[in-house]
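Order of the sequence lines fixes the chain letters, A, B, ..., with proteins taken first and strands second; residue numbering starts at 1 for each chain.
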Amino acid sequence: MPEALSDFGARVVAWQKRHGRHELPWQNTRDPYRVWLSEIMLQQTQVTTVLGYYARFLERFPTVLELAAAPLDEVLTLWAGLGYYSRARNLHACAQAVAALHGGAFPASAAQLQTLPGIGRSTAAAIAAFCFGERVAILDGNVKRVLSRVLAFDGDLASTREEKRLWDRATALLPAREVDRYTQGLMDLGATVCTARKPDCGACPVNDLCAGQHEAERYPIKTRKLKRSRRENWWLWLEHEGRVLLQQRPAPGVWAGLWTLPLFDDEASLRAAAGGPLEPLPRIEHALTHFDWVLHPVRAVLRDAAPALPGTWVPREELASYALPAPLKKLFG
DNA sequence: GTCCGGAAGG
DNA sequence: CCTTCCGGAC
């Protein structure tokens, strides 16, 4: 590595000891179950959001064997509101794989961990470094940002080839020892100092050897911009004798496995299915990765017989035990 | 409104 | 190589 960077790992390690985070609930343990659970939750989700979910998961599923034995539906209920529900499906599948293949013990190398559902290269490396001290690099969003700035890495990370090059640089930067603390230090730097906007370069332990510090916000370079579309649907909120009609969403697709109101393409087909006096509710705007979803909830409290629609009539007081997507949780208040 | 973030499947 | 998956912070 370049002479200027020979000190990089030691600096990050020293900084982590004094200024890093040490009291997060998934730290101070080498239990792969706890580390794995936190890493999956922290994919695409911020620490403050994860804290409550993490505590509830551990309380309900203290071990991977208990998670493996639970029905998927219950896992989804506990996950509801976190988003990216394939993570929950993979979490459950991974727990069952660990229970079946390894007797409830996680495999102890990044290469083996990466074969499990929902565990990619970076997550495998994080678990292996934290739990087994393996000398292997992670490259999550925070670390991509830190390293691309330190290196002034000009490759476009939208390209597989350039991303591979950054992986190689990340591996070359690994210190000889204390890779667990180094890994935590990179994560902490990205979360608290080398932030996406307005990085605090003055507080950075490696600012003097950072090639990108004077144009930090130029990095990481990623050209691919997603094109967003717009969808519009009508949501039928039917109540009958204190029960609400819910339907389970098919997999794959948006909100796979979660429970929602019957969905219609237009108001006319909703009216045809409902058959009764309808109360239109304020529209809900929900942003997903690749489209903006406009939902029109329409409510009907039925006095006579309920229409024959597919789904499950759920007593209002039991709604909390169903896996509901965030906007529906909000709608039911 | 705009931005952010890993893995799987095609 | 591309697309698919959410919700919250700012």
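Nucleic acid contact for A/Ser122: sugar-phosphate only, since backbone atoms but no base atoms lie under 4.0 Å from a heavy atom of the residue. Contacts of A/Arg121 with the nucleic acid, taken as non-hydrogen atoms under 4.0 Å apart, involve only primed sugar atoms and P, OP1 or OP2. When heavy atoms are screened at a 4.0 angstrom cut-off, A/Ile40 is found touching no nucleic acid atom at all. Nucleic acid contact for A/Ile138: none, since no nucleic acid atom lies under 4.0 Å from a heavy atom of the residue.
Annotation for A/Gln213 and A/Asn207: closest pair NE2-O, 2.6 Å, computed over non-hydrogen atoms.
In this structure, A/Glu163 atom CD and C/dC1 atom P are separated by 10 Å, rounded to whole Å. Going from atom CZ of A/Phe291 over to atom C1' of C/dT3 covers 13 Å, rounded to whole Å. In this structure, NE2 of A/His290 is placed 17 Å from C1' of B/dC3, rounded to the nearest angstrom. Between A/Leu51 atom CG and C/dG8 atom C1' the separation is 14 Å, expressed in whole Å. Going from atom NZ of A/Lys144 over to atom P of B/dC3 covers 18 Å, rounded to whole Å. A/Asp156 has its CG atom 10 Å from the P atom of C/dC2, to the nearest Å. The distance between atom CD1 of A/Ile127 and atom P of B/dG6, rounded to the nearest whole Å, is 13 Å. For the pair A/Leu157 CG and C/dC1 C1', the computed distance is 16 Å after rounding to whole Å.
Here the nucleotide nearest the side chain of A/Asp140, chosen from C/dC6, B/dG6, B/dA8, is B/dG6. For A/Thr48, counting side-chain heavy atoms from C-beta on, the closest listed nucleotide (B/dG6, C/dC5, C/dA9) is C/dA9.
Put simply, A/Arg228 has no side-chain N or O that comes within less than 4.0 Å of OP1 or OP2 on B/dT2. Between A/Tyr85 and the phosphate of C/dG7, there is a side-chain N or O to OP1/OP2 separation shorter than 4.0 Å. In this model, the phosphate group of C/dG7 is approached by a side-chain N or O of A/Trp255 to a distance below 4.0 Å at OP1 or OP2. In terms of phosphate contacts, A/Thr45 brings no side-chain nitrogen or oxygen within less than 4.0 Å of OP1 or OP2 of C/dG7. Between C/dG7 and A/His286, a contact under 4.0 Å exists linking OP1 or OP2 to a side-chain N or O.
If you check distances only, the side chain of A/Gln44 does reach the base of B/dG6 with a donor-acceptor pair under 3.5 Å.
In terms of position on DNA chain B, the residue among A/Tyr84 and A/Ile119 whose nearest nucleotide sits closer to the 5' end is A/Tyr84. Each of A/Pro327 and A/Thr160 lies near DNA chain C, and the nucleotide nearest A/Thr160 is the one positioned closer to the 5' end. Of the two residues contacting DNA chain C, namely A/Ala158 and A/Arg197, the nearest-nucleotide position lying further toward the 5' end is that of A/Ala158.
Geometrically, A/Arg11 does not engage A/Phe8 in a cation-pi contact, judged by NZ or CZ lying under 6.0 Å from the ring centre and within 45° of the ring axis.
A/Glu178 has a carboxylate O that lies under 4.0 Å from a charged side-chain N of A/Lys17, or vice versa, which qualifies the two as a salt bridge. A salt bridge links A/Arg218 with A/Asp154: the closest approach of a Lys/Arg side-chain nitrogen to an acidic carboxylate oxygen falls below 4.0 angstrom.
For the side chain to side chain donor-acceptor pair (under 3.5 Å) criterion with A/Asp292, the lone passing option out of A/Arg231, A/Arg228, A/Arg230 is A/Arg228.
A side-chain N or O of A/Glu66 and one of A/Thr63 form a donor-acceptor pair less than 3.5 Å apart.
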